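Below: one structure, written as structure tokens.
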There are 2 protein chains.
Amino acid sequence: MSDQKGSYQQGPDPKGADIPRLQPSATVSLLDPSKDPRPAQGAGANLLFLREEEIRLAQDLLFFAYRDFTNAADVILEELELGRAHHRALHFIGRNPGITVSDLLTILRITKQSLARVLTVLMEQGYVGQAQGRSDRRQRLLSLTPAGQALERRLFERQRERLLAAYREAGGAAVDGFRRVMRGIMDEQARAYLDQSDPNEPKAKRA
Amino acid sequence: MSDQKGSYQQGPDPKGADIPRLQPSATVSLLDPSKDPRPAQGAGANLLFLREEEIRLAQDLLFFAYRDFTNAADVILEELELGRAHHRALHFIGRNPGITVSDLLTILRITKQSLARVLTVLMEQGYVGQAQGRSDRRQRLLSLTPAGQALERRLFERQRERLLAAYREAGGAAVDGFRRVMRGIMDEQARAYLDQSDPNEPKAKRA
DNA sequence: AAAGTAAGTCAACAAAGCTGACGTAATGCG
DNA sequence: CGCATTACGTCAGCTTTGTTGACTTACTTT
């Protein structure tokens, strides 16, 4: 532990080289509880503390959670010389077998040319297969080959571990809250996609 | 507890506009409930459905929520010819005034060279200022100028709207769950950073 | 005085977006 | 039928943001 980062010297440093422990002065000034503008309202039972700091914390949460979650699969991707873009395509094709190219584009919100780059590789390597649309033969219906399913599963397992641990730690009620908030953050379009994609949630089953 | 988000009607086809409505057959086959491997465990009232589908849903949630959340600030960034990387730097400098370059690097997990690129612009445009470290004069302590604070606030407001709406919709309990799960997803290092950064939260961890 | 550390910088390269311009089937409609 | 439209593919070039590697310049530490 020869290298003390910065000029802080306080207590037992848990891990020499990881966490930037910022100057307490700086940090504290930012979060000074004495200037907590929280109004002392006594309305409903579960009132929200919609202070600025709460929102800023959420920004942090999204950044770190997303970063580390996506990162979980990188080890595998690297050894196969694939990138995250490939993983994303694999994921959504796996979740929507028989999806058309244009539908996939709409989900990913990237251009045809960007998708082509990853799709070409995935097909060349035998992870994704095409089939001509039955009703519209211009369409190319995408799906995972057995190899693609296997790869997707390997990638999935890595992320699953993380999620599982987080879910266990947080508890079932928290998981429900997590889902609700995440849904609320995304666009209406994405919410609609999820509703339609998961026949469990929308209790409207059809034939 | 289940949030009945209303059902979508199958009426006119979703052409062009937004959501790719996938072939029901394809979707359903993926989510066949008949092969639900959910174990009949009895660990308390709120047992978790740790089925595969739940985890895969979370993958979707993270993708869409992160995408749309970060996207919220893009309009402003674009007119200033800045990118998301600039926003990230601005955010973390704003949240940690007086942060050193190396601490910022640790938080962002990028290289010095990558950071230099955005930091140079931010300083040239007068959004970020430097100060020599007092105890260690090699350090450059970064902080937002008034202009930087103003810009950061503009960006913040856009994201805030989204979060606020999501928080209101989901309710206070859900927000707490959201935070817990998000914390659980990220690395220990990131959790430690958050704990140390926010003197409110850090309490006895994990029961 | 020597070694190590914080920060800056040049140069080259990679991943994954983007726009623009076309080409080719297949579909749909007047 | 014939022509416009649509779904998909592809070439070419550019942008953003990340990476290595190789130094340099100040300080600090030993």
Side-chain angles (χ1 to χ4, degrees), chain A residues 1-9 16-17 20 63 67 70-71 73-74 77-78 80-90 98-124 128 130-142, chain B residues 13-17 20 63 67 70-71 73-74 77-78 80-90 93 98-124 128-142:
Chain A
M1 207 108 317
S2 46
D3 95 304
Q4 270 280 79
K5 262 191 198 268
S7 61
Y8 59 91
Q9 52 278 27
F63 174 72
R67 183 194 68 179
T70 54
N71 183 248
D74 283 352
L77 292 171
E78 213 167 314
L80 293 172
E81 312 223 78
L82 297 176
R84 289 180 181 180
H86 301 96
H87 185 188
R88 255 167 270 146
L90 224 36
I99 189 175
T100 65
V101 170
S102 69
D103 280 354
L104 185 52
L105 288 175
T106 305
I107 292 175
L108 293 172
R109 284 217 201 142
I110 59 177
T111 59
K112 190 173 45 165
Q113 295 91 325
S114 290
L115 179 59
R117 190 156 37 200
V118 300
L119 220 42
T120 301
V121 172
L122 292 176
M123 294 195 295
E124 277 173 3
V128 168
Q130 276 183 334
Q132 204 167 44
R134 55 293 84 114
S135 57
D136 184 338
R137 292 184 314 180
R138 289 171 304 178
Q139 298 179 327
R140 297 298 135 90
L141 309 183
L142 305 169
Chain B
D13 75 353
K15 206 134 356 178
F63 173 73
R67 184 195 66 179
T70 54
N71 182 247
D74 283 351
L77 292 171
E78 213 166 312
L80 293 171
E81 312 223 77
L82 298 174
R84 290 182 181 179
H86 302 95
H87 186 189
R88 256 167 268 146
L90 223 37
I93 294 171
I99 190 175
T100 66
V101 170
S102 69
D103 280 355
L104 185 54
L105 288 175
T106 305
I107 291 175
L108 293 172
R109 287 221 198 136
I110 58 177
T111 59
K112 189 172 46 164
Q113 296 90 325
S114 290
L115 179 59
R117 192 155 34 200
V118 299
L119 221 43
T120 300
V121 173
L122 291 176
M123 294 195 294
E124 279 173 1
V128 168
Q130 277 185 333
Q132 203 166 45
R134 62 282 87 114
S135 56
D136 185 338
R137 292 185 313 181
R138 289 171 305 180
Q139 299 179 327
R140 297 298 136 91
L141 310 182
L142 305 169

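Just so we're clear, the structure is a prediction, and the values are computed from it rather than from any experiment. Worth knowing before you read on, the calculation uses all heavy atoms, side chains too, and leaves out hydrogens, waters and symmetry mates. Throughout, a chain's letter reflects where its sequence line sits, starting with A, and its residues are numbered from 1.
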Compare all side-chain heavy atoms of Leu90(A) with those of Val128(A) and state whether any distance is below 4.5 angstrom. yes
Pairs under 3.5 Å (N/O, protein and nucleotides 26-28 of chain C):
| unit_1 | atom_1 | unit_2 | atom_2 | d |
| --- | --- | --- | --- | --- |
| dT27(C) | OP1 | Arg137(A) | N | 3.1 |

Length of the line joining Gln139(A):CD and dT6(D):C1', which is rounded to integer Å: 10 Å
Integer-rounded Å distance: dT17(D) P and Arg67(A) CZ: 18 Å
Side-chain contact, heavy-atom cut-off 4.5 Å: Asn71(B) with Arg84(B)? yes
For Ala85(A) and Val118(A), which heavy atoms make the closest approach, and how far apart are they? CB-CG1, 3.6 Å
If you look at every heavy atom in Leu141(B) and Gly98(B), which pair is closest and at what distance? CD2-O, 3.5 Å
Thr111(A): side chain to side chain donor-acceptor pair (under 3.5 Å) partners, not counting sequence neighbours: Ser114(A)
Tell me the interatomic distance from Glu124(B), atom CD, to dT9(C), atom C1', rounded to whole angstroms. 13 Å
Check whether any side-chain heavy atom of Asp136(A) lies under 4.5 Å from a side-chain heavy atom of Thr100(A), and answer yes or no. no
Taking the side chain as C-beta and beyond, is there a heavy-atom pair between Phe63(A) and Leu108(B) under 4.5 Å? yes
Verify side chain to side chain donor-acceptor pair (under 3.5 Å) between Arg138(A) and Gln132(A), making sure each step is shown before the conclusion. CA-CA 7 Å; Arg138(A) 289 171 304 178; Gln132(A) 204 167 44; over 6 Å; no
Tell me whether the OP1 or OP2 atom of dA7(C) has a side-chain N or O from Ser102(B) closer than 4.0 Å. yes
Return a single string for nucleotides 15-20 of chain C, one symbol per nucleotide in 5' to 3' order, where B is base contact, S is sugar-phosphate-only contact and - is none, cutoff 4.0 angstrom on heavy atoms. -BBBBB
Expressed as a whole number of angstroms, how long is the span from Leu108(B):CG to dA7(C):P? 13 Å
Measure the distance from CG on Leu141(B) to C1' on dA26(D) and round it to the nearest whole Å. 15 Å
Expressed in angstrom and rounded to an integer, what is the separation of Leu105(B) atom CG from dA6(C) atom P? 11 Å
